[in-house]
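Written below as structure tokens is the structure these notes are about.
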Amino acid sequence: MMKTLLLQSDELETAAAILRNGGLVAMPTETVYGLAADALNGKAVAKIFAAKGRPMDNPLIVHIAELSQIKMLVREFPESARKLAEAFWPGPLTIILPKGDCIPDEVSAGLDTVAIRCPAHDTARRLIRLSSPLAAPSANLSGSPSPTTARHVMDDMNGRIDAVIDGGECRVGVESTVVTLATNPPRLLRPGGITLEQLREVLGEVVLDDAVLHPLQNGQQAASPGMKYKHYSPKANVILLKGTEEAFLRFVNARNDGTSAVLCYEEDKPELRLPYLSVGKAEDYETQANRLFSSLREADERGYHTVYAHCPETEGVGLAVYNRLIRAAGFEVKDLEK
Ligand code: AMP
Ligand code: MG
């Protein structure tokens with residue numbers, strides 16, 4: 001086991017030196033904490049997969065500090081990419097483009113494309129400037145909820161990586177929106193803080209990939225390999241409930257068995273007769289995204305066996321919350337009207 005350093009945001013020189021030497025550093029971003037390695041060093045990137053237990057066929061996102069860095073990483077930089085970058089970078093949007101020759105196979109997992117993002121987090125961008133473009137998936141053990149604090153990272157990664165930079169709580173709380181420009185029309189592969197509606201305002205037509213809302217059918221190819229895996233799951237069994245507010249309250253209140261809890265909205269609180277974790281108001285999708293993963297981790301810390309949750313709306317950032325929760329629940333939705 002290696003010793004994992006806990007660094008503060010003013011110790012970036014130490015973090016950059018680790019990265020230049022092929023080590024692993026978890027860094028704060030505005031979405032979730034990322035587990036970073038030098039994106040141009042295949043051996044360093046391979047360590048990310050080992051530390052997380054991540055399947056090797058799941059490609060990584062390369063993080064850059066400014067738009068000018070993208071030119072060396074991609075083979076083509078179309079007008080549509082320039083428009084997206086202008087509208088949403090720095091920010092929670094990942095753009096997939098044909099990959100440049102310098103991208104190691106470990107990053108692209110053998111695909112001929114590469115995913116690029118410019119994060120809107122000062123610490124992350126300063127670290128990139130001091131080192132290099134950084135390949136970084138979420139800094140959790142593969143399959144578990146993504147980390148939104150340095151403590152979450154330590155809970156999963158202590159002894160497995162060189163350092164964690166403590167940058168406080170992440171603002172967005174779910175991973176970036178992923179859109180591919182390698183297909184025509186562009187395709188949304190993963191919803192996040194930048195919404196489908198916002199992408200359509202800039203690009204016109206954008207297709208919602210099937211895998212965002214549904215499990216892949218047997219034999220169906222994953223456009224985004226990450227979406228085929230069960231994901232974001234706490235140890236507790238997560239069950240989504242679909243139906244009216246009355247039906248929801250009646251159902252969960254009948255399950256005050258000491259091992260169950262509810263991922264609820266603020267409005268539910270006065271009516272609940274069992275333990276709960278509130279993710280925010282029913283219509284406040286941003287707050288729900290922000291609290292989702294930390295609530296799932298807290299449910300495990302409190303030792304619940306089952307967590308019931310509302311089946312979220314799919315508009316705006318709600319689509320990102322739905323996409324994560326439905327995977328956390330292994331696509332199990334209980335229709336209370338039936
Ligand atoms: P994570 O790093 O855990 O936030 O996951 C990155 C996501 O981006 C995964 O769902 C990957 O499958 C997806 N991704 C990364 N690179 C590509 C690519 N070149 N083509 C399609 N999807 C990608
Ligand atoms: Mg992840």
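For clarity, every value in this text was computed on a predicted model and none was experimentally measured. First listed ligand is number 1; within each ligand, the first listed atom is number 1. The figures that follow rest on heavy atoms only: side chains count, while hydrogens, waters and symmetry mates do not.
P275 places a side-chain heavy atom less than 4.5 Å from the side chain of N256.
For R273, the CZ atom is loosely surrounded, since the number of other residues' heavy atoms within 6.0 Å does not exceed 12. The local environment of CD in Q198 is crowded, with over 12 non-hydrogen atoms from other residues, nucleotides or ligands closer than 6.0 Å. By the neighbour-count criterion of 12 heavy atoms within 6.0 Å, atom CG of D101 is sparsely surrounded, having that number or fewer from other residues, nucleotides or ligands.
The distance cut-off of 2.8 Å around the Mg ion (ligand 2) captures these protein N, O or S atoms, sorted by chain and number: S138 OG.
A salt bridge links R82 with E86: the closest approach of a Lys/Arg side-chain nitrogen to an acidic carboxylate oxygen falls below 4.0 angstrom. Note on E66 versus R129: salt bridge recorded, some NZ/NE/NH1/NH2 to OD/OE distance being below 4.0 Å.
Screening F251, F248, Y285 for a ring-ring contact (aromatic ring centres under 6.0 Å, His included) with H310, the sole residue that qualifies is F248. Just one of H121, R117, R171 meets the side chain to side chain donor-acceptor pair (under 3.5 Å) condition when paired with T29; it is R117.
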Dump all N/O pairs between ligand 1 and the protein below 3.5 Å as a table: atom names plus distance, one pair per row.
| unit_1 | atom_1 | unit_2 | atom_2 | d |
| --- | --- | --- | --- | --- |
| ligand 1 | 3 (O) | R54 | NH1 | 3.0 |
| ligand 1 | 4 (O) | R190 | NH1 | 2.9 |
| ligand 1 | 4 (O) | R190 | NH2 | 3.4 |
| ligand 1 | 5 (O) | R190 | NH1 | 3.3 |
| ligand 1 | 10 (O) | S224 | OG | 3.1 |
| ligand 1 | 12 (O) | N58 | OD1 | 3.1 |
| ligand 1 | 12 (O) | S224 | OG | 3.1 |
| ligand 1 | 12 (O) | P225 | N | 3.4 |
| ligand 1 | 12 (O) | G226 | N | 2.7 |
| ligand 1 | 19 (N) | T113 | O | 3.4 |
| ligand 1 | 19 (N) | T113 | OG1 | 2.9 |

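At a cut-off of 3.5 Å, with distance as the only test, a side-chain donor of E175 or S146 sits close to an acceptor on the other residue.
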